[in-house]
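Everything on this sheet refers to the single structure shown next.
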There are 2 protein chains.
Amino acid sequence: MPTKKKQSLKQALVEQAFSVIEEKGVEHLSLREVARRLGVSHQAPYKHFPSRDHILAAVVARCFAEFAQHLSSRPSCNDPFDDLHKMGLAYLEFAQKFPLQYRLMFNTALPDGTAHPEMLAQAQFAFSILHDKLGEMTLKDPDHPIRDPVKHDAIYIWSALHGLASLMQSDVTSTLGLSNDEKAVAVERLMRRMSLSIAP
Amino acid sequence: MPTKKKQSLKQALVEQAFSVIEEKGVEHLSLREVARRLGVSHQAPYKHFPSRDHILAAVVARCFAEFAQHLSSRPSCNDPFDDLHKMGLAYLEFAQKFPLQYRLMFNTALPDGTAHPEMLAQAQFAFSILHDKLGEMTLKDPDHPIRDPVKHDAIYIWSALHGLASLMQSDVTSTLGLSNDEKAVAVERLMRRMSLSIAP
DNA sequence: CTCAGAAAGTAGACGCTGTCAACTAGATGA
DNA sequence: TCATCTAGTTGACAGCGTCTACTTTCTGAG
């Protein structure tokens, strides 16, 4: 199995890179460390990725893929408003359950995004899920009083969700002395306001 | 002037560090580069900061101070709702005008926040401005129908603002093909919704 | 089957980095 | 005056990303 073994190191590199990030933080990700853990030479990774940034981009792309799957894994019922509410909760749940992945997606500054097309594609796909769900809503209700394009609603919702998710996992919460209960209240309030803003 | 000269290098280090970050990105900030630019030896910075992270924390603290000043520089009128609206715009304006500073404040992962008390204090002060403004609002209107503590409103508002600011300066906007006009519309919509949520 | 060539992996080197240790010159203060 | 503290210097060390050159292994056309 040549192709299988060929790809196996590439995949193993991405997985080990994530493990290293998990243990030491993204800024201490070292290709040599990854290679050492996999028992290969320090140059082996360069046969599969042109640079350290490209491995990092692959890790981020995998996070986006997991994120998209998490968002769309919820069963969709006939009520698109309920669907959207569930998707919002799923969004926040992902950020809470997988804070590292979330930070990697939205906090990682790759020098040039266009240099990592796979990562970009995964990110676009993840956003399309939210966008499409909003599209369903307005389609199912032709008299929906939203005048601006769906895109702007998507932006608003994504903004609110992302802002809350970021805040909840930053040090700010401990700085403000927020208990878990208060966090839950904040989530519930935000979701309610979001629904009110979108609902007819 | 011993004390003056003593402090001058410390201050110069922080300024030059910011310049380096500006040019090369925060992950390429190098103490040796900073020292080189200031014409001192590569060990001189260590007489003023214990490590690279501590210089970075000082840079971030300065960003928080500038941010707080920007937020509170707006003249406050007698209408606290109008004040809040202006402060929200000021928030977004800062993020747009000084994206690097904004990212440094909210995207920089320092290993241990408690190790940098000055930075933490600046961050808390910045948030207190928003919090106090909300406090004014509820105080001036005793019948204000907000049942939950001010803190939760502050969290909601900060979430929405931070989310939008982050989104606006990420690559997502170009990915979605957002024009500047559409960005402005998104800002206006968010501000309107925010006001509606808070207003009685 | 053979064998040229591509692909995967190894080894060594270079310049860069953060940081530790040891040293020097100058200011401070009892 | 002289011991001490402070700011700054030089030198060293290990680790890093990445370039070049080498070997091994696999592949696919003749």
Side-chain angles (χ1 to χ4, degrees), chain A residues 1-60 104 108-112 115-116 118-119, chain B residues 1-60 104 108-113 115-116 119:
Chain A
M1 298 158 189
T3 43
K4 188 175 178 184
K5 191 160 193 180
K6 185 198 295 181
Q7 296 301 330
S8 74
L9 178 58
K10 184 167 186 171
Q11 189 180 337
L13 283 168
V14 176
E15 289 170 11
Q16 275 293 335
F18 183 81
S19 296
V20 172
I21 293 173
E22 213 168 8
E23 293 175 28
K24 306 192 170 187
V26 62
E27 65 276 7
H28 293 112
L29 168 63
S30 145
L31 280 197
R32 294 173 106 106
E33 169 85 15
V34 173
R36 226 176 285 125
R37 293 189 182 198
L38 291 174
V40 295
S41 78
H42 70 276
Q43 275 298 330
Y46 282 86
K47 297 297 168 180
H48 300 275
F49 297 96
S51 81
R52 176 186 177 279
D53 275 347
H54 286 77
I55 279 198
L56 189 53
V59 172
V60 174
L104 283 175
T108 303
L110 276 315
D112 183 12
H116 312 285
E118 288 185 29
M119 191 198 69
Chain B
M1 300 158 189
T3 41
K4 188 177 178 185
K5 190 160 191 179
K6 184 199 293 180
Q7 296 300 329
S8 74
L9 178 58
K10 185 168 185 172
Q11 190 181 338
L13 283 168
V14 176
E15 289 170 10
Q16 273 294 334
F18 182 80
S19 295
V20 172
I21 293 173
E22 213 168 7
E23 294 175 27
K24 306 192 169 187
V26 63
E27 63 276 6
H28 293 111
L29 168 63
S30 145
L31 279 198
R32 292 175 106 104
E33 170 84 16
V34 173
R36 227 176 285 127
R37 293 189 181 197
L38 292 174
V40 295
S41 78
H42 69 273
Q43 275 297 331
Y46 282 87
K47 298 297 170 180
H48 300 275
F49 297 96
S51 81
R52 175 186 177 277
D53 276 347
H54 285 77
I55 278 199
L56 188 53
V59 172
V60 174
L104 283 175
T108 305
L110 276 315
D112 184 11
H116 312 285
M119 191 198 68

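In what follows, chains are A, B, ... by sequence order, proteins preceding strands, each numbered from 1. The structure presented is a predicted model; accordingly, all values stated were derived computationally and were not measured.
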Find the distance [X]:[atom1] to [N]:[atom2] and express it as a whole number of Å.
{"X": "Leu31(B)", "N": "dG8(D)", "atom1": "CG", "atom2": "P", "value": "14 Å"}
{"X": "His28(B)", "N": "dT17(C)", "atom1": "NE2", "atom2": "P", "value": "11 Å"}
{"X": "Leu56(B)", "N": "dG18(C)", "atom1": "CG", "atom2": "P", "value": "11 Å"}
{"X": "Gln43(A)", "N": "dT24(D)", "atom1": "CD", "atom2": "C1'", "value": "16 Å"}
{"X": "Asp53(A)", "N": "dC16(D)", "atom1": "CG", "atom2": "C1'", "value": "14 Å"}

For the student: nearest non-hydrogen atoms of Glu33(B) and Val20(B), plus distance: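 Closest approach of Glu33(B) to Val20(B): CG-CG2, 4.0 Å.
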Compare every heavy atom of Ala17(B) with every heavy atom of Ile55(B), then report the nearest pair and how far apart it is.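 Closest approach of Ile55(B) to Ala17(B): CG2-CB, 3.8 Å.
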With sugar-phosphate meaning primed atoms plus P, OP1 and OP2, does Ile55(A) contact a base, only sugar-phosphate, or nothing at under 4.0 Å between heavy atoms?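 The residue Ile55(A) makes no contact with any strand.
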Within the structure shown, what part of the strands sits under 4.0 Å from Leu38(B) by heavy-atom distance: base, sugar-phosphate, or nothing?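 No contact.
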Could you check which of [options] has an atom nearest any side-chain atom of [X]?
{"X": "Ser41(A)", "options": "dG17(D), dT10(C), dG8(D)", "value": "dT10(C)"}
{"X": "Arg52(B)", "options": "dG12(C), dG18(C), dG9(C)", "value": "dG18(C)"}
{"X": "Lys47(B)", "options": "dG17(D), dT9(D), dT19(C)", "value": "dT9(D)"}

Consider side chain to side chain contact (heavy atoms under 4.5 Å, CB included). Of Leu9(A), Ile21(A), Val34(A), which one does Gln16(A) pass it with?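 For Gln16(A), the side chain to side chain contact (heavy atoms under 4.5 Å, CB included) check succeeds only for Val34(A).
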Can you find a side chain N or O atom of [X] that sits less than 4.0 Å from OP1 or OP2 on [N]?
{"X": "Arg36(B)", "N": "dC16(C)", "value": "no"}
{"X": "His48(A)", "N": "dG9(C)", "value": "yes"}
{"X": "Ser30(B)", "N": "dT17(C)", "value": "yes"}

Is it true that Glu23(A) and Arg37(A) have a side-chain N and a carboxylate O under 4.0 angstrom from each other?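 Judged by the 4.0 Å cut-off on N to carboxylate O distance, Glu23(A) and Arg37(A) do form a salt bridge.
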Looking only at N and O atoms, is any donor in the side chain of His42(B) or the base of dG11(D) less than 3.5 Å from an acceptor on the other one?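 Result: at least one qualifying N/O pair found.
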